[in-house]
S.K.: 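Dropping a structure here in structure tokens format, bear with me for questions.
Chain naming here is simple, since letters A, B, ... match the order of the sequence lines and numbering starts at 1 in each. Given the structure is predicted, the values throughout are model-derived calculations rather than measurements.
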2 protein chains.
Amino acid sequence: MAVSEATAKRRVTATDVAAVAGVSRATVGFVLNRTRGQTISEGTRERVLEAALRLGYRPNSAAQALASGRSRIVLFVLPDWPVEYSFRIYLDEASRVLDEAGYSLVTYTRRPHGETRPLWELLTPDSVFGFTSFSPDEIASMRGCGIRRIFPDPARQEPLDLSLAVSAGPRLQVEHLYEHGRRQLAYAAFADPLPSSLVQARHDAARERAHSLDLPPVDIRYIDYRDGSADDAVRAWHGAGVTGVVAFNDDVAAAVVSAAIRIGIRIPDDLAVIGHDDSPIATMFVPALSTVRFDTATLGRGFAEYAINQTEGRPLPDWRPPVSAILVRREST
Amino acid sequence: MAVSEATAKRRVTATDVAAVAGVSRATVGFVLNRTRGQTISEGTRERVLEAALRLGYRPNSAAQALASGRSRIVLFVLPDWPVEYSFRIYLDEASRVLDEAGYSLVTYTRRPHGETRPLWELLTPDSVFGFTSFSPDEIASMRGCGIRRIFPDPARQEPLDLSLAVSAGPRLQVEHLYEHGRRQLAYAAFADPLPSSLVQARHDAARERAHSLDLPPVDIRYIDYRDGSADDAVRAWHGAGVTGVVAFNDDVAAAVVSAAIRIGIRIPDDLAVIGHDDSPIATMFVPALSTVRFDTATLGRGFAEYAINQTEGRPLPDWRPPVSAILVRREST
DNA sequence: CCACGACGCTAGTACGTGCTAGTGGCCTGG
DNA sequence: CCAGGCCACTAGCACGTACTAGCGTCGTGG
């Protein structure tokens with residue numbers, strides 16, 4: 001019921017609280033921050049808390065950040081390709097867990113040729129996490145801002161953050177098509193947002209799994225749902241004897257299935273297509289899309305725990321994301 | 001080519017730059033901030049800039065915010081329902097324009113029962129924009145943080161920010177179905193993310209347009225693509241003689257069309273369905289979905305300009321968002 | 001020759017909080 | 001009765017930048 005003293009135009013500071021409570025400013029800080037190793041009598045504590053509540057005191061976060069050197073902000077730099085359905089759940093859950101630990105997760109989409117300083121210079125986050133690795137310039141910029149905790153660690157060679165499972169999905173996709181007797185497979189991705197390292201990583205995983213199953217190479221084709229490239233791709237696959245398509249995500253799968261239907265290629269008899277993520281569209285599509293689902297909420301929680309430990313300087317040595325890919329069988333395979 | 005002096009562990013401050021350039025700290029500030037009304041000789045200016053560049057100086061944003069009282073951050077509070085495809089384009093464009101004006105747009109999804117302080121307390125943004133109106137508690141919290149510029153203005157009665165066109169889409173949807181001879185219309189929305197005020201606003205707009213065309217009332221039904229509620233809705237509509245469905249967005253339209261196909265109701269002969277947003281799924285779906293498109297990029301730019309003017313304290317008196325809804329005719333109508 | 005203004009720069013304070021060093025008072029053990 | 005320690009609290013510095021007041025110098029007009 002913070003009854004703010006809206007009469008005063010100046011914002012309420014700890015000094016105001018101290019004056020009202022009849023103590024020094026330091027005491028106010030001790031009480032409100034529950035400073036360990038500092039004993040405060042019950043009476044004083046209550047007077048301070050009461051005064052703070054009555055005045056509607058909110059600490060100035062800029063001053064806190066300046067004085068303490070910590071901002072309690074965790075920055076997550078997103079890739080510039082669109083965030084998928086499942087990734088949003090991932091982020092939501094990660095944000096929730098970080099919130100419980102007293103951190104705020106701020107997401108940031110890189111702006112290649114921005115005028116302003118990148119967001120990490122503006123927020124001075126305690127740590128920065130990236131879905132993909134950072135460029136040397138970006139690393140230098142972060143270091144210059146005093147940001148020490150950067151992940152993926154620029155010192156190591158980790159092109160993609162492990163906190164999102166990459167290979168489990170594609171492996172399962174390939175295995176599923178294999179079990180349905182499909183031997184000639186192809187990989188499909190969108191061309192529009194420039195193919196990212198995630199596309200490459202998933203394709204690599206699919207290719208490797210196919211190789212280990214003694215299947216012929218799984219080539220990748222980039223399609224655009226707006227022009228006729230999906231039609232071209234489906235025709236080319238059909239001509240080359242491809243009977244199974246591994247799609248980067250459900251949207252790509254939908255574009256492939258859609259093109260096949262219009263051309264007259266039967267799904268799944270002539271061509272089996274499997275998506276990735278189990279987004280809403282997979283259920284709604286006609287035919288419904290077989291896909292691979294992740295427990296993204298769990299993954300997000302895993303990332304958050306990882307992030308908290310890293311941010312607080314006690315990294316878990318052998319941390320692995322809790323991976324669990326589940327096959328969702330529907331009509332497209 | 002900021003060659004940072006990585007040898008020093010301490011972060012580079014303006015004092016370091018001043019020492020290297022052989023001037024006072026104040027002069028460094030004048031040069032780097034291009035302070036108006038302060039003349040600096042060309043030689044000094046160059047020495048300072050050179051020193052700053054060589055040391056890799058990055059101003060401490062927390063200290064800047066503390067000293068200046070401004071953070072150059074614009075916070076956009078998003079509703080807790082998922083951000084749609086078109087809205088992402090809107091945000092991207094808004095972010096770009098704000099960036100050019102030297103502001104960073106940070107988006108924030110409200111966390112109803114969060115442990116940490118809301119993001120506006122952590123960032124002390126120069127202004128906060130909300131898609132929906134704020135609760136009195138939130139307003140109090142923002143005011144307590146010294147945030148003066150809050151939109152929608154709590155003083156006025158604007159439930160929904162005008163910067164995103166609300167009524168033009170639904171009106172066009174209804175008109176389109178009307179032109180195709182559909183007289184008994186229904187409105188469809190998802191039940192899952194709790195129906196928001198945006199759902200209500202669009203439904204209201206559709207209902208009003210139908211009323212002005214002398215059509216019977218347009219009732220709303222909430223469906224879930226995961227259970228059988230879409231089937232139930234389609235059956236109920238069919239029984240009630242509904243021949244046209246106005247969908248909240250393309251996803252909802254897809255769910256309706258999907259249910260209709262599975263039941264055996266012909267699209268568009270028995271039931272015409274029109275979506276909203278022209279998201280990728282509308283093209284890919286079979287049948288392709290008729291929909292309504294917005295020039296969301298222009299709207300985003302409009303919002304950004306509005307936000308910049310408001311933030312810098314020169315509000316445009318009669319500002320209106322640049323609305324332009326376009327009908328996209330496809331197979332579902 | 002001097003008053004005066006403009007130029008170019010510096011010293012120093014304010015911003016609000018975290019936190020260390022220190023300071024009385026009280027209690028206890030010898 | 002006193003030394004010593006703990007309790008409860010305060011004074012004051014540090015954080016790094018923005019910005020005002022002021023100061024010396026130089027040129028110029030009277």
S.K.: Looking at DNA chain C, which of residues 14-28 of chain B put a heavy atom within less than 4.0 Å of it?
M.R.: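 Going residue by residue through residues 14-28 of chain B, the ones with a heavy atom under 4.0 Å of DNA chain C turn out to be Val23(B), Ser24(B), Arg25(B), Ala26(B), Thr27(B).
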
S.K.: Could you check which residues of residues 40-51 of chain B get a heavy atom under 4.0 Å from DNA chain C? Sort them by number, please.
M.R.: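 Under 4.0 Å from DNA chain C: Ile40(B), Ser41(B), Thr44(B).
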
S.K.: Looking at Arg96(B) and Glu100(B), does any basic side-chain N land under 4.0 Å from a carboxylate oxygen?
M.R.: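 Judged by the 4.0 Å cut-off on N to carboxylate O distance, Arg96(B) and Glu100(B) do form a salt bridge.
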
S.K.: Between Asn309(A) and Tyr306(A), is there a donor-acceptor pair closer than 3.5 Å when you use the side chain of the first and the backbone of the second?
M.R.: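 No.
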
S.K.: Just how far, in rounded Å, is C1' of dT20(D) from CG of Asn33(B)?
M.R.: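 Between C1' of dT20(D) and CG of Asn33(B): 15 Å.
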
S.K.: Please round to 10 degrees the angle between the axis of the first five pairs and the axis of the last five pairs in the helix from dC1(C)-dG30(D) to dG30(C)-dC1(D).
M.R.: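 Rounded to the nearest 10 degrees, the bend comes out at 60°.
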
S.K.: Can you sort out the partners of Leu49(A) under side-chain contact (heavy atoms from CB on, under 4.5 Å), two or more places apart, ordered by chain and number?
M.R.: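 Per chain and number, Leu49(A) pairs via side-chain contact (heavy atoms from CB on, under 4.5 Å) with Val31(A), Leu32(A), Arg45(A).
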
S.K.: For the backbone of Ala14(B) and the side chain of Arg25(B), can you confirm whether one donor and one acceptor N or O come within less than 3.5 Å of each other?
M.R.: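 Pair absent, no side-chain N/O of Arg25(B) close to backbone of Ala14(B).
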
S.K.: Would you tell me if any nitrogen or oxygen in the side chain of Asn60(B) comes within less than 4.0 Å of OP1 or OP2 on dC15(D)?
M.R.: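 No.
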
S.K.: Anything under 4.0 Å to a heavy atom of chain B counts; send over the first and last such nucleotide of DNA chain C, read 5' to 3'.
M.R.: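 First-to-last contact on DNA chain C, by the 4.0 Å heavy-atom rule, is dC7(C) to dG16(C).
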
S.K.: If only atom types and distance count, is the side chain of Asp99(A) paired as donor or acceptor with the main-chain N or O of Ser95(A) below 3.5 Å?
M.R.: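 No, Asp99(A) side chain to Ser95(A) backbone: no donor-acceptor pair under 3.5 Å.
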
S.K.: For Ile89(B), what residues pass the side-chain contact (heavy atoms from CB on, under 4.5 Å) criterion, not counting sequence neighbours?
M.R.: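 Tyr85(B), Thr296(B), Ala297(B).
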
S.K.: Leu66(A) has an atom CG; how far is it from atom C1' of dT17(D), in whole Å?
M.R.: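 Atom-to-atom, Leu66(A) to dT17(D), this comes out as 8 Å.
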
S.K.: May I have all residue pairs that pass side-chain hydrogen bond (donor to acceptor under 3.5 Å, both in side chains) and include part of residues 26-40 of chain A, sequence neighbours excluded?
M.R.: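 Applying side-chain hydrogen bond (donor to acceptor under 3.5 Å, both in side chains) to every pair that reaches into residues 26-40 of chain A, excluding sequence neighbours, yields Ser24(A)-Thr27(A).
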
S.K.: Please enumerate all residues that pass salt bridge (Lys or Arg N to Asp or Glu O under 4.0 Å) together with Asp126(A), with sequence neighbours excluded.
M.R.: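 If we apply the salt bridge (Lys or Arg N to Asp or Glu O under 4.0 Å) test to Asp126(A), skipping adjacent residues, there are no hits.
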
S.K.: Starting at atom CD of Gln38(B), determine the distance to atom P of dT20(D), rounded to an integer number of angstrom.
M.R.: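 Whole-Å distance recorded here is 10 Å.
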
S.K.: Taking only residues two or more places apart in sequence or in another chain, which ones pass salt bridge (Lys or Arg N to Asp or Glu O under 4.0 Å) with Arg314(A)?
M.R.: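 By the salt bridge (Lys or Arg N to Asp or Glu O under 4.0 Å) rule, Arg314(A) matches Glu312(A).
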
S.K.: Restricting to side-chain contact (heavy atoms from CB on, under 4.5 Å), what partner residues turn up for Ser135(B), sequence neighbours left out?
M.R.: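 Partners of Ser135(B) by the side-chain contact (heavy atoms from CB on, under 4.5 Å) criterion, ordered by chain and then number, come out as Asp137(B), Glu138(B).
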
S.K.: Report yes if a side-chain nitrogen or oxygen of Thr39(A) is closer than 4.0 Å to either non-bridging phosphate oxygen (OP1 or OP2) of dA8(D); otherwise report no.
M.R.: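 It does, given that an N or O in the side chain of Thr39(A) lies less than 4.0 Å from OP1 or OP2 of dA8(D).
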
S.K.: State which residues pass side-chain contact (heavy atoms from CB on, under 4.5 Å) with Val20(B); sequence neighbours excluded, sorted by chain then number.
M.R.: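 Per chain and number, Val20(B) pairs via side-chain contact (heavy atoms from CB on, under 4.5 Å) with Ala51(B), Arg54(B), Leu55(B).
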
S.K.: Only counting residues at least two apart or in another chain, list the ones meeting side chain to side chain donor-acceptor pair (under 3.5 Å) with Glu121(B).
M.R.: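 Per chain and number, Glu121(B) pairs via side chain to side chain donor-acceptor pair (under 3.5 Å) with Arg58(A), Arg117(B), Ser141(B).
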
S.K.: With a 3.5 Å distance limit and no angle check, can you tell me whether Thr311(B) reaches the backbone of Ala307(B) through a side-chain donor-acceptor pair?
M.R.: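 Answer holds: yes.
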
